[in-house]
Structure formats: structure tokens, C-alpha cells
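Per chain, numbering begins at 1; letters A, B, ... match sequence-line order. For clarity, every value in this text was computed on a predicted model and none was experimentally measured.
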Amino acid sequence: MSIAKTYNPREVEDKWYQYWLENKFFSSTPDEREPYTIVIPPPNVTGVLHMGHMLNNTIQDVLIRRARMQGKNACWVPGTDHASIATEAKVVAMLKEKGIDKKEIGREKFLEYAWEWKEKYGGIILEQLKKLGASCDWDRTRFTMDADLSEAVIDTFIHLHNKGLVYRGVRMVNWDPQGKTAVSDEEVIYKEVNSKLYYVRYKVTGIPDLGVETKDSILNSQDYITVATTRPETILGDTGVCVHPEDERYKHLIGKKAIIPYVNREVPIIADEYIDPEFGTGCLKVTPAHDINDYNIGLKHNLEVIDTIADDGTMAPVAQFYVGMDRFACRKQIAIDLERDGFLVKVEEIKNKNGYSERTNAIIEPKLSMQWFVKMEAMAEPALNYVENGDVRLIPDKFKNTYRHWMENVKDWCISRQLWWGQQIPAWYDDKGNYVVAKTKEEALERFKIQNSKLSIEDIKQDEDVLDTWFSSWLWPMSVFDPSVCGKVGAKGNADVNYYYPTSDLVTAPEILFFWVARMIMAGHEFRGEAPFKNVYLTGIVRDKQGRKMSKSLGNSPDPIELIEKYGADGVRVGMLLSSPAGNDLLFDESYCEQGRNFANKIWNAFRLVKGWEVKTGTGNNQMAINWFDTRFNEAIIEIEELYKQYRLSEALMAIYKLVWDDFCAWYLEMIKPPYGEAIDSETYEASIQFFEKILALLHPIMPFITEELWHEIKPREAKDCIIIAKYPSTGIPNKNLLSEFETISELITQIRNIRNTKQISPKQGLPLAIKTTNDSLYVNYLSILKKLANIEDILFTQSAKDGALTFIVNADEFFVDLGENIDKAAELDRMTKELEYTIGFMKSVKAKLSNERFVANAKPEVVESERKKLADAETKIGMLKASIAALN
RNA sequence: GGGAGCAUAGCUCAGCUGGUUCAGAGCAUCUGCCUUACAAGCAGAGGGUCACAGGUUCGAAUCCUGUUGCUCCCACCA
């Protein structure tokens, strides 16, 4: 035979992907069909494919291919995200290697480098997706910084500003001193660390001067108040000391002043319920500029704000001391100095949490700064409603709780970033610091001129900052179709957006449920009055076998492309799907891909078998097998459809897997397989080809490559007759009778095979079978199958037990296999006695149940009925077992 | 600190409104097979007090309470 013994994915994958592209099978334009739309969660433009993408995009491709085969107008829109912080950090690093400093070359030049970088590496991840088989409409590929998408972002900003939802203000933000930008709360990762808690004394005023202070006099003095802090370097920015109003230890000090060491600033001692008297000394030093809680206390008590730490994390001039020293170096130094000067009482080791920047891993500095914000409260309400009333379905729905919690406790969204890579904020400042929001500089000038006619265009300057990346990606489901609808309420929009929006399914990770999914719902509601998608499938996190998140730094993430080369794209896709119910983290192990590869090989070999047959015209005697598989297929597809409907993809795959491997290969093909060298009748052959095609169609969304290859190998086809657009198998009504009959037969065959195995009888040796039954015709009908699969050479119907034969029972029928001499009476007796005991126990429990009046009275009639049947069956079985045991003795 | 969720074979997971067709699947394991589609395979088999303790019920893996262990989210006690 010329067909290779194993399936070789390399030879077919690129070929078919090209073929699909050339024939435009992925592309979609609006028409009269029902649309089925997915927008890709845009990966970072400079990113490379990781396992999370593999899982995510495999799922999307399964959904989109299935929809396409079901006759829907399937459209999967691909694209990338400009990912401002991540990309800018990469470009900065790249420039640094070349010895170039971002600040020196300036914004314009930097952006040139950045675009160059984007052009060079921007396409990589999308090319990798093609290897996976992703059937995206590549003509629709979008980038969040495409000119028209950027314009959409600007229009949106202006719209929200005009509506009063965007505002500018000084707020405490998470400052990343390395990236020198504010980051959102979601981009801060808290980690527990070992820290030191420093106890520091501040002198209290209003106490008579004791003259010259020495170290001893300070330590022994009662005129000091001791605060506890993990951040002594912020002492220089302290503007208050706070105690609990009910704290007896300090009540007498409230209203007095404390003096901050070194800077000798007098600050008020205030009282606030916020203070936990149990922690430290019960006295909090208040540094409004560098701690969010201190900031809030400061606001409440009108404390001064002194920002002692500069943008790069060093001590600022206002600190007066340690200026220019890094905040952590300063912490060490000031501790030494405080000790020396007698201010430091003691140091304790404690565990606390530090915030780290997700992008740069720098320790976040809470810092006051002027930023742009979006008011979230009003937008959150409708966004919550969509999910609450089911217009947007979260899968699995346990995420509803988390979603609700977030939406009910939403805080304003800081959208400005001190970066260059991104959409620059359309706010313009005059020489006095007044600002207007306008789309262009010219427009801004017009607006300024209303107030100040002398202003010229040279006098106004645009805001230096860019917008948070999510401020562009929250528009994604609209902007990929028609960017012009963003920023305009009630815009009609083009044909695309009207046809494809709202999209069908969104597949993404639960981590970004809030800062992406929720915000897309808000934006969709704002501009289209409709949520952007109907179902949100939340995938798990891909972890390694030990449950650790896969990451570059741990080196525990396999290279997806290498995996594809090793196991084939289909194998890897199966591997990804096999173990990942929605929302569950998936402990990835290459062996899943191996299982996928083996499955592909199994299908390949089933094809080799069928294709290798010589066909002779006529009919055979395989009608039973054909009818059975037909009905089994119908039964399976109902189950599979139900699983898909519930988005239980791994279970749907497993159902298909078993249908193919067990039912089709192990049972059906074995039943119809002609003896070696003999031809198969054309009737059986045709039926088998049709089954094969249906199976391939069912498999295609999951394993696109091998199915397309076999689709064409199995018979000659027209150029456009491809499985990718073939009709998805429809459901039929299964024949319950036939299925249960076959179950009996397969159980019988398994029992006989079991006898062979335990008695070490070669499959080549035919066995005689005697049956005690009231239903002879059942076994007569399946005679040829029994002969073939169990190698029964003779069937004899009998009314009495057969002496000296091995006995077993299936349903209510008794079977005897007479092996002549070699029967182990003791073992048989033992086996049957055990079965008898079990059955008697079983019968007793059923009897007890049935004799319980409350059971009979309360249980549903069908339950009682089934219990009665169980009892009858058990009684018959006991009778048979007893007879067999008696016969053995 | 607040909230959510989980705990079922060695591993990963199914078990919907309680009822021995409910104790399951796949992988792994064991035994026997190189049987001309496939050893990436075939045939068969063995694995579980359903975390623990109570309770409700005629009946609990399934419902309730508590305990223990784990995970995630939110808050961020200086």
C-alpha cells in the first residue's frame, strides 16, 4: 500500500492553509445569512504566541469553523493591540542597547523607532496563529493604532469629556518609577514580602525646653510620640500624626504638634477612627503624598501635601535631605541616621505587601499627580444589567458574582499614561495652563480665542500623555467594523457594523473580565445601545504540571510552534481542548498533545483501511452493522450538540473521540471488515464512506487539517468542495431498540473475549456457544457479527444449563462456553458464588426499599417501577446463578 | 480583613432538579497479543468509605451545618 503508515501533519498543514486562503474561505461580507462573529482579543503587537493564546485561539477557531459549517456567515476578525506600556518598554530597552536615550531623541524620533519596531515584529504573532489553523478573515486585520482606530479613540475621549465623564484631576495614582508612568489598579500586582517596621519618635511641642538634647535625653523623654512605619524615607514628607480618638494613651496629645525630625516641621496630632490602636504603637505618621490612606486622612483633616519623591523614585529637592538618593537607599540611610540621632526606638521584622508594576516589576510608588479620569459609576450600571439579565452570558456563570462585585464597587478609571506610544490626549494648554479639549490644534486655538484673542498657534501645547491601551481596546468590537461610530451616539454606521455587531461569542481570560470585558460592554452600550457580544467564554489559565502559571521567567512554557512541529497542529489543538473545561485552569502536559497526535493517527489509519479495500458491486450482509452505526451516530450527535450548546468543548471532543475510536473503529469497522484479500461489497463501502464523511465533518472544527486532507483523499472532488465549508452533520432520531440490542451483543462479545483472555485461548481458535434464552432471534440476527468479532464457530440454543461449561449471564440470558477438559471448577464456583452474593445483597436492598411503605408512597412512580424491574431481574439472575452452581457441584 | 469557589480512581475531570442502569470517562497502570488499518496499535482486567464530622430524609457523592485543606477575586494595617 502506498499510503504512509502514520499521519504526517507537516505535509498537509501548510498546503491546506494556503488552499483555504486562496479560495477565500475565511473571508466574510455581509449577506442574507445569519452572522456569526468573533473578534479576537488582540494580542500585544510585539508579542509572541504563548500557551494561553494557543488555548484561547483554538477555542475561537473551533467555534468559528463549526458556525461556518452550520451555514452561518462566520467572521473572525483578527488584529493586534499596541499595548502602550509593554511595547514602549521593549522599544526603550532596544534603544538602550544601541546607546540611545528616549529623552534625548525626543518624541517624534522615538515614535519613528517604535513604528519601525512594530513593522518588524508586529506580524509575528498573527503568522503563528496561522500555523495553528486559525481561520481568521485576514483581510480584516486591525491594529489598535491604525489611523482610523486612533481617531475613534480621540473622538471617544472628546465625547466623554463633553459629557462630563472624562475629567482631569490630582489624584493618588500607582506610579511606576521605572516606566515613569501611572498605571491602573489592575496593572499592580501585590506580593507579600518581608519588611522592617521602624519605630520612630517625634518630639511633641508645648513642652518646656530641656536645654541641650543628647541621645539619652531624647530616648528617656516623655515628651515624644512614637510612630511605626515601614517607609521611614517618607518621614520628610510627613504632615501629621494620627491616633485613634478613643486611645487613652494619646488622648492628651490630640491637638498638640509634633516635630518631624531633620526638617523640623511642626505638624498637628490628629484623631481618626481609621487608626487601628493595636497596630504598631497606635500612632500613624501621615504622608499624604505617598500613601493612599494617608492621602484620604489628609484630605479629611486638611493636611499639607509634600511630595518628596521624584518621578524616577529618587528623593526630590523638597525633601531637603538625601536629595537625589534612590528611595530604597534613602530608607537604609535614614534608618542609620535616625538611630544615630536617637529617634529610632526599635525595628521589627514584619510581613506586608508591596505593589509591583505588572509591566516593569518596579515597586509601585503611590504618588499624587495630575491625571485624566473616566467617571465609572454611571457607566457601570447598565453594564452590570446586561450580565444580570442574561443579555450577556458569562461562561461559566460563576463569574457573574465577581463581575457584580466589581461593578458595584467600581472606581474612576485613570486613563492617562506618561508614555509616547499610544493615542496622545487631545487636550491643549495655553501659556497659562488653561486647557481645552479639541480634536486638532486649530480647533483648540479657536476655542482659546473666545477667551483670549491674542493667542497664537505657537502658544498652545498638546498634553504630553497618551491614553491607556484599554481606552482603545474597549472600542474593539465596534472599531474593527466601523471606527467612525465610536465617539458618536446614534451614528448610523456602515453595513459591516450593522451586520456583525453585536458579535456572538467572546473568548478571553477571566483576568481581564473587568478591565476589558466590562469596559467593552460600557462602550458598546454608550455608542450602540447594545452589548458587544452575547456570550463570553472565559478560559482558564494555562499552568504547568505543578500548577505554576506558565511564564518566561520560570522557563516552564513550551514553545507552541515547536509543539505544533512535534505533534501537528491538530494534535496540539486536541491537546489544548482535552483538559480544559471553561473557566478551569488547565494543567498543561505535553502528553495531551501526544494523545491528540495519536488520535489523528487513528483517524488516518481508519482511512487507510477503508481506502485500501477493493470494492465489488453488490450487497453484503452488513446491514445490521450499518443500521447500528447510523443510529449510534445519531445518538452521539445529539449529545455532542448539547455539549456544544453549553460550551463544554472538552466534553464534546471526548464524545467525538469515543464515537470515532470506539464505535467507528473498534466496532463498526471490525464488523464490516472483509477477510484479508477479499473485496467489500459496494453497498457497505458506500455506507462506510458516508459515515466517514460525517465523522470528518464532525471533527473538522477541532482538527481542521487532517479532516480536509482525508476529505479529498477519500474521493475525487470539485475544487471548491472542501470540508471547511461542507455541511455540518444534522441530527437524526436514534433507534433506541437497536441501540439496546447492540449493547447486549457487545456485552456478550466482551464476555467471550474475556474468557479467551483469562483462559489464554488464541483468538484464532473458534469457540462453541450455547445460549439459554427466550429470544433466539436476537442472536440469530447478529450471528455473523458474533462469529466475526468473538470467533464463535457454533451457536446452539438450549433450555437447560450445560454441564462442565463456563457460564455467564447477560441481561436475562444465560451463556455457556464448553471448553471441554480445561475448566477450573473451583475458580468458577468462586466467581459465581461471589456474583451470587452480590446479587442477593442487591436484591435485598431493593426489596427493603420496596417494602418500605414511605418509599412506595413518596417516590415517583417511574422510580418505583424501575425498582420493581430491578427486583425481578435480580431474582431471575439469582435463579440462574444457583442453577449454574448446582450444575458445577 | 471581605467575598466566591473547590475537595470524587495514580493524574485530569463528568456526575443537571437526592433514588445501585450512580460511583463514571480519558490518560496512566497491569495481563496477553508484532491478528496484513494503526505497537502513536489490538483484546481484556484491576483501581475510589465520593476530604472529615454531624444533620435532614424511607433513601445522600448529590441538600443543610460545622471542621480541615486548597484556589481565585477584592481590600491593602501604617
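When the nucleotides B/G44, B/C77, B/A4 are ranked by their closest atom to the side chain of A/D276, B/C77 comes out on top. Of all nucleotides listed (B/A75, B/G26, B/A78), B/A75 comes nearest to the side chain of A/K411. Among B/A45, B/G26, B/U35, the nucleotide with an atom closest to any side-chain atom of A/T750 is B/A45. Here the side chain of A/K5 is nearest to one of B/G44, B/C38, B/C76, namely B/C38. Distance from the side chain of A/T402 is smallest for B/C73 among the nucleotides B/G26, B/A37, B/C73. Listed candidates were B/G44, B/A40, B/A78. Nearest to the side chain of A/T229 is B/A78. The side chain of A/F279 lies closest to B/C77, out of B/C77, B/C27, B/A43. Distances were taken from every side-chain heavy atom of A/L669 (C-beta onward) to each of B/A37, B/A78, B/A40; the shortest belongs to B/A37. For A/R608, taking side-chain heavy atoms from C-beta onward, the closest of the listed nucleotides B/U35, B/A43, B/A37 is B/A37. Distance from the side chain of A/Y676 is smallest to B/A37 among B/A37, B/A45, B/G26.
Between A/F399 and A/Y403, the gap from one ring centroid to the other reaches at least 6.0 Å.
A donor-acceptor contact under 3.5 Å is formed by the side chain of A/E670 with the base of B/A37.
Here A/W613 lies out of heavy-atom contact (under 4.0 Å) with every strand. Within 4.0 Å (heavy atoms only), A/A666 reaches sugar-phosphate atoms of the nucleic acid but no base atom. Here A/G282 lies in heavy-atom contact (under 4.0 Å) with a base. Residue contacts shown for A/N601 include a base, since a base heavy atom lies under 4.0 Å away. Counting any heavy atom pair closer than 4.0 Å across all strands shown, A/D291 reaches sugar-phosphate atoms only and no base atom.
With a cut-off of 3.5 Å on both Watson-Crick or G-U wobble distances, the partner of B/C13 is given as B/G24.
Using cut-offs of 30° and 60° for the angle between ring planes, the A/F599 and A/W661 rings count as parallel. Relative ring orientation between A/F664 and A/Y668 is described as parallel, the plane-to-plane angle staying below 30° on a 0-90° scale split at 30° and 60°.
B/G24: glycosidic angle beyond 90° from 0, hence anti.
Between A/E590 and A/R597, none of the side-chain N atoms (NZ, or NE/NH1/NH2) sits under 4.0 Å from a carboxylate O, so this pair counts as no salt bridge.
Listed here is the closest heavy atom pair of A/Y356 and A/I364: C-CG1, 3.8 Å.
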